[in-house]
Amino acid sequence: MQIDFNKKYNPSEFEDVIYNMWLSNNCFKANVKTSKMPYTIAMPPPNVTGKLHMGHALDETLQDIIIRFKKMQGFETLWVPGVDHAAIATEAKLVEQLRVEGLTKEEVGKEEFLKRAFKWKDEYEGNIVNQLRKLGVSCDWSRKRFTMDEGCKEAVLEYFIRLYKDGLIYRGERLINWCYTCKTSISDIEVDFKEKDGCFYYIKYKLEGSQDFLQVATTRPETLFGDVAVAVHPEDERYRSYIGKFLVVPILNRKIPIIADSYVDRDFGSGVVKITPGHDFNDFEVGLRHNLKPIKLFDEDGNLNEFCGKFKGMPRAKARKEVANELENVGLLIKSVPIKHNVGHCYRCGAVVEPFLSLQWFVKMEALKEPALEAAKAGQVEFVPKRFEKIYFNWMENVKDWCISRQLWWGHGIPAYYCSNCGHINVAKSMPSCCEKCSCKELTKDEDTLDTWFSAALWPFAILGWPNENNEYYKKFYPTTTLVTGYDIIFFWVSRMIFSGLYNTKNVPFKKVFIHGLVRDEQGRKMSKSLGNGVDPLDIIKRYGADALRFTLASGVNAGNDMRYSEKKVLASRNFANKLYNAARFIFMQVNEFDGNFSPDFSKILLLNKEKLYIEDRWILYKLNELIKEVSRNIECFDISVAADKLYDFIWNVFCDWYIELFKIKKVNNFIAKNYLCGADEDRYFNAENGCFNSEYVKMRAQQSFNIIFYALDVVLKILHPFMPFITQEIYFKLYGSNRFILNYGWPAPNDEFNFEAEYRLFEGVIKIVKAVRNFRAQNNIQNKLNLNIYLTSDVFNSGFINSCRHFIEKLGGCHILGSSLDGDVSGCKRVITDVAVIDVVLDNVVNKDEEIKKLQNQKQYLLGEIKIFRQKLSNTNFKNKAPKAVVEAAVRKLESKEAELKTVEASLKSLL
RNA sequence: GAGAGCAUAGCUCAGCUGGUUAGAGUGCUUGCUCGACAUGCAAGAGGUCGCUGGUUCGAGUCCAGCUGUUCUCACCA
């Protein structure tokens with residue numbers, strides 16, 4: 001074993017090197033032929049629109065933790081990476097790129113446009129892959145996929161055609177949400193509603209052949225050209241006599257009927273609603289009920305058309321003002337009132353989205369949603385945390401038909417071929433030779449593409465070879481085990497994978513959905529480009545290392561809640577890594593000094609049989625067992641941050657702060673604690689002449705001690721590995737050489753032999769004494785250099801035990817134990833009372849009696865408070881009868897110990913007074 | 001309008017199925033360079049757990065209401 005540790009932890013020196021070693025040794029490659037239990041994760045494919053942000057870093061870190069954990073547990077893990085073509089988002093970027101060059105997509109043509117698109121995709125995919133690798137993700141790169149690759153294309157065609165044959169896809173002219181900027185339809189959930197300032201226009205609609213009028217209010221006066229009726233509530237007394245009569249549309253003077261429909265809210269506005277089925281979802285429904293045909297007023301760019309009289313050709317925003325002006329000029333505008341109302345915006349480009357009448361493809365949701373609801377209710381798909389299930393149910397129960405066609409070029413084509421002769425729609429994987437109905441050979445392909453989410457919905461099985469159900473990966477690794485994603489994507493993606501998976505594969509696409517929140521900035525704001533508060537994970541990795549970033553994200557994530565990112569947290573994680581790094585460095589230095597050829601052998605921990613283990617070794621072995629159990633359980637339940645916190649606490653506050661310090665003392669004592677009571681069988685190693693153990697025995701003890709400290713380090717490295725894969729691997733290499741990959745060396749199991757709970761408790765008492773002495777020193781401003789002389793008395797520990805631990809107490813507390821208070825003169829001492837021992841400190845300066853009394857009185861007050869609480873508890877028969885036995889027993893123990901402590905305090909007080 | 005989350009130390013957050021007069025990180029105060037680590041060590045101060053009721057032997061934890069805050073869904077013309 002050699003020491004080539006730098007003093008400082010410098011992750012950039014080894015992270016890339018290690019990742020490449022993992023790759024060249026195929027550490028992440030799944031074996032499809034194995035008999036091991038599969039554990040599969042389909043990576044949510046990042047969009048090829050840009051680089052990864054903190055949200056991705058969180059998502060990938062969580063998946064990597066789970067995959068590495070499961071792999072170490074012995075599962076055959078498969079984590080499939082990939083990227084999403086992100087139709088609308090990427091197309092928007094490409095169009096913008098063209099605009100900068102002074103071009104439009106129509107000018108360059110579809111072929112050239114797609115060429116650019118694929119080039120774009122290659123470039124961004126490369127960036128994303130590079131970023132993922134920097135993060136340390138252990139996905140199987142040989143299975144990397146793209147949502148528009150051949151396999152996904154095949155899956156999309158299969159799905160579309162199956163749905164079509166089952167009558168679950170239809171094409172029809174409906175009102176859809178139209179983005180005039182992206183120039184495409186978008187689905188309901190792609191519309192974001194934001195509160196905006198608007199204006200409510202009150203308009204006179206005159207009765208036919210009369211000066212009488214009804215007052216109609218609207219926020220969009222430019223749509224009055226599309227009015228086909230005016231509606232009132234059937235039971236509204238004010239307007240009952242008007243029903244069936246006719247009004248004239250202002251400006252156009254077109255005649256429209258007054259109809260009755262219970263959709264109208266009598267109490268809102270004037271209780272009179274203009275019905276414009278071509279431009280409003282509710283009006284469209286009213287139109288259907290009353291057999292009123294919609295009128296479409298705008299073209300695809302949002303300019304008014306021939307139905308709008310002299311306003312033809314005007315953009316709709318401008319038309320709104322112009323129409324209002326015109327109404328005012330002709331005396332038909334009663335008033336305009338500013339209001340705040342919710343306006344739909346495109347979730348991609350942010351432009352105002354309005355209902356638009358057009359011919360589109362839809363998926364009928366009625367039949368698909370039932371199995372999807374059932375699967376979740378039956379627990380086949382389990383949401384973690386569970387509350388997201390409610391959100392899913394609520395959405396799924398109210399889902400409307402899904403508009404899947406997009407007027408974009410970048411995406412999966414719609415496999416529909418229209419016959420120019422009979423108009424029949426031929427749906428097939430490729431262009432049929434002729435129309436299946438009339439055999440006409442003139443067919444034209446549908447020019448639209450599919451919603452990105454239509455292909456994304458197939459991701460978990462398309463990546464495993466579906467629709468080829470004989471694919472060995474599909475057979476071995478489907479259904480996937482866990483999906484890890486943010487709550488913002490439940491409707492878009494999770495729900496659609498569930499119903500699509502059930503429909504296509506007759507199986508759920510994943511058994512568990514682990515939902516996490518968003519990564520926000522330090523002030524709790526969403527990270528966004530416009531705010532400029534985004535943090536680049538790569539930049540952080542460069543400065544602090546991937547492990548530090550990963551650990552920060554892992555310890556911040558909690559049960560579906562958002563987390564706040566701050567660089568301070570990364571700094572703390574980096575310091576943690578440094579701490580571990582230096583602990584390992586220290587251990588190597590020690591072992592090298594001892595025996596450069598030493599190699600740990602954990603089977604020899606009980607080398608000198610169990611009874612000869614030192615107390616601190618039993619203490620750490622017990623704590624290690626507990627740590628393994630708890631961390632395993634926490635990761636299993638996706639309590640990632642809880643596991644991370646425990647690891648942090650153990651490594652820093654237990655292993656480094658105590659065990660390593662204890663080890664140093666042990667080493668100084670040449671691995672034989674001088675005061676340690678040895679059994680009779682050790683006598684043979686003892687040389688009475690020089691009062692030492694012989695070298696053979698000392699060496700055995702040393703080996704045992706090294707085995708234990710290496711065992712502790714080994715366990716800690718393994719269970720920390722999923723969180724901080726690089727540093728743990730780096731230390732593991734140094735420990736065992738450069739061909740041992742920690743990932744392949746199994747998740748540690750608790751050792752039943754290390755059942756040292758009693759010793760653990762005893763040693764916690766020793767720690768308490770050390771802390772009390774240190775505290776005394778600090779409180780009394782005593783220099784560290786000065787060794788304190790103390791008397792130590794304990795009812796809890798017998799003198800033999802105290803004696804066996806005195807070297808720890810003396811070294812760590814910076815004191816010298818003169819003996820027990822019972823046999824020393826403690827009259828001039830300052831006394832510290834703990835629940836395990838009484839410490840009398842000999843001081844040269846005169847004890848300030850008043851101060852001492854005050855201190856003891858404070859302690860007395862505190863103890864009285866505690867005792868009162870427990871006495872009350874225990875005198876309550878209900879408590880004794882109803883509380884669990886263990887709780888009652890604990891209370892009894894606590895009361896006893898506090899009462900004993902009080903007694904000592906009172907006695908001390910008495911002697912002072 | 002409907003629903004959900006959150007409210008605990010100055011800040012960021014833990015606290016699992018109710019059970020030791022509330023914990024961590026960070027910040028703050030004090031003292032430390034004794035060879036793993038100043039990216040460090042030791043000690044300390046800091047909280048009537050948003051408010052009001054209720055259930056219980058016992059509530060930060062469960063229930064109800066209220067206040068504040070964030071989010072999701074629906075959208076009324």
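Only a predicted model underlies this, so the values are computations on that prediction, with no experimental measurement involved. Each chain gets a letter, A, B and so on, in the order the sequences are listed, and its residues count up from 1.
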Is there a donor N/O on one and an acceptor N/O on the other, under 3.5 Å, for the side chain of A:Arg574 and the base of B:rU39? yes

For B:rC41, what is the paired nucleotide under Watson-Crick or G-U wobble rules, both distances under 3.5 Å? B:rG31

A:Asn342 side chain near B:rA74 phosphate (N/O to OP1/OP2, under 4.0 Å): no

Between A:Tyr544 and A:Glu567, is any side-chain donor less than 3.5 angstrom from a side-chain acceptor? yes

Would you please say whether a donor-acceptor pair under 3.5 Å links the side chains of A:Lys666 and A:His807? no

When you compare B:rU30 with B:rC66, how far apart are their P atoms, in angstrom units rounded to a whole number? 48 Å

Pairwise P distance, B:rA7 and B:rG60 [rounded to whole Å]: 15 Å

Side-chain contact check for A:Asn578: nearest option of B:rU39, B:rG40, B:rU20 is B:rU39

Regarding the side chain of A:Lys894, the nearest nucleotide among B:rC57, B:rU21, B:rC71 is B:rU21

Between A:Tyr648 and A:Phe576, does the ring centroid distance fall short of 6.0 Å? yes

With rounding to the closest Å, how many angstrom separate the P atoms on B:rG65 and B:rA2? 13 Å

For A:Asp657, which contact category applies under a 4.0 Å heavy-atom criterion: base, sugar-phosphate, or nothing? sugar-phosphate

Starting the side chain at C-beta, find the nucleotide from B:rC57, B:rG5, B:rA77 nearest to A:Arg387. B:rG5

Would you kindly compare A:Asn394 and A:Ala217 by the position of their nearest RNA chain B nucleotide and give the one closer to the 5′ end? A:Asn394

Atom CG of A:Asp192 to atom P of B:rA74: distance rounded to whole Å? 10 Å

With a cut-off of less than 4.0 Å, is there a side-chain N or O of A:Arg564 near OP1 or OP2 of B:rC13? yes

Quick check on the 6.0 Å ring-centre criterion: do A:Phe492 and A:Tyr347 meet it? yes

Taking atom C1' of B:rA36 as reference, at what distance in whole Å does atom CD1 of A:Ile709 sit? 11 Å

Taking pairing as Watson-Crick or G-U wobble with both contacts under 3.5 Å, can you name the mate of B:rU61, or confirm there isn't one? none

Once you apply a heavy-atom cut-off of 4.0 Å, does A:Tyr862 come out as touching a base, just sugar-phosphate, or nothing? base

Rounded to whole angstrom units, what separation is found between the CG atom of A:Leu788 and the C1' atom of B:rG31? 14 Å

Inter-nucleotide P distance (B:rA42, B:rG10), Å rounded: 25 Å

Closest approach to the side chain of A:Lys390, judged atom by atom: which nucleotide of B:rA4, B:rU12, B:rU26 is it? B:rA4

Over 60° means perpendicular and under 30° means parallel, so tell me whether A:Tyr659 and A:Phe663 are parallel, tilted or perpendicular. tilted

With respect to the side chain of A:Ala583, which nucleotide from B:rA36, B:rG44, B:rU56 is positioned closest? B:rA36

Tell me whether B:rG10 sits syn or anti, counting syn as a glycosidic angle within 90° of 0. anti

Paired nucleotide for B:rU55 [Watson-Crick or G-U wobble; both distances under 3.5 Å]: none

Any A:Asn575 side-chain nitrogen or oxygen under 4.0 Å from OP1 or OP2 of B:rG40: yes

Expressed in angstrom and rounded to an integer, what is the separation of A:Gln590 atom CD from B:rC37 atom P? 11 Å

Give one of base, sugar-phosphate or nothing for A:Glu522, where a contact means two heavy atoms less than 4.0 Å apart. nothing

From the set B:rC75, B:rA14, B:rA36, return the single nucleotide nearest to any side-chain atom of A:Asn582. B:rA36

Can a donor-acceptor pair under 3.5 Å be found between the side-chain atoms of A:Glu661 and the base atoms of B:rA36? yes

Whom does B:rA7 pair with, Watson-Crick or G-U wobble, provided both distances fall under 3.5 Å? B:rU67

Are A:Glu285 and A:Arg289 close enough for a salt bridge, meaning some N to O gap below 4.0 Å? no

Write down the partner of B:rA74 under the Watson-Crick or G-U wobble criteria, each distance required to be under 3.5 Å. none

Please give, in whole Å, the distance from B:rG31 C1' to A:Ile782 CD1? 12 Å

A:Phe870 or A:Asn653, whichever maps to the more 5' nucleotide of RNA chain B: A:Phe870

Given the C1' atoms of B:rC13 and B:rC49, what is the spacing between them in whole Å? 13 Å

For B:rC75, is there a stacking contact with A:Phe193, counting only centres under 5.5 Å and planes under 30°? no

Any A:Lys579 side-chain nitrogen or oxygen under 4.0 Å from OP1 or OP2 of B:rC41: yes

Nearest whole Å is fine: how far is B:rC76 C1' from A:His233 NE2? 13 Å

State whether a side-chain donor-acceptor pair under 3.5 Å links A:Asp562 with A:Tyr487. yes

Would you call the rings of A:Tyr581 and A:Phe14 parallel, tilted or perpendicular, taking 30° and 60° as the class edges? parallel

Do A:Asp261 and A:His290 meet the criterion of a side-chain donor-acceptor pair at a distance under 3.5 Å? yes

Under 4.0 Å, heavy atoms only, any strand: does A:Lys664 hit a base, just the sugar-phosphate, or nothing? base

Considering just the side-chain nitrogens and oxygens of A:Trp658, establish if one lies under 4.0 Å of OP1 or OP2 belonging to B:rC41. no

Sugar-phosphate, base or nothing in reach of A:Thr219, heavy atoms under 4.0 Å: sugar-phosphate

From C-beta outward on A:Phe268, which listed nucleotide comes closest to its side chain: B:rU20, B:rC57, B:rA77? B:rA77

I'd like the P distance from B:rG15 over to B:rG23, given in whole Å. 15 Å

Which listed nucleotide (B:rA77, B:rU21, B:rA36) is nearest to the side chain of A:Val264? B:rA77

Now, which nucleotide makes the Watson-Crick or G-U wobble pair with B:rA36, with each of the two distances under 3.5 Å? none

Would you say the side chain of A:Lys8 and the base of B:rA38 hold a donor-acceptor pair, judged only by whether the two atoms sit under 3.5 Å apart? no

Counting only side-chain heavy atoms from C-beta out, which of B:rA36, B:rA43, B:rA14 sits nearest to A:Arg774? B:rA43

Between B:rC41 and B:rU26, how far apart are the two P atoms, rounded to whole Å? 9 Å

P gap between B:rU33 and B:rU20, integer Å: 41 Å

Length of the CG-P vector between A:Asn781 and B:rG44, whole Å: 13 Å

Out of B:rA43, B:rU70, B:rA77, which has the shortest distance to the side chain of A:Ala778? B:rA43

Counting just side-chain N and O atoms, does A:Asn398 come under 4.0 Å of either OP1 or OP2 of B:rA74? no

With a cut-off of less than 4.0 Å, is there a side-chain N or O of A:Asn878 near OP1 or OP2 of B:rU56? no

Can you check whether any acceptor in the base of B:rC37 is under 3.5 Å from a donor in the side chain of A:Lys7, or vice versa? no

Ignoring hydrogens and geometry beyond distance, is a side-chain donor-acceptor pair present between A:Thr552 and A:Ser573 at under 3.5 Å? yes

For A:Met563 and B:rU26, give me the distance from atom CE to atom C1', rounded to whole Å. 14 Å

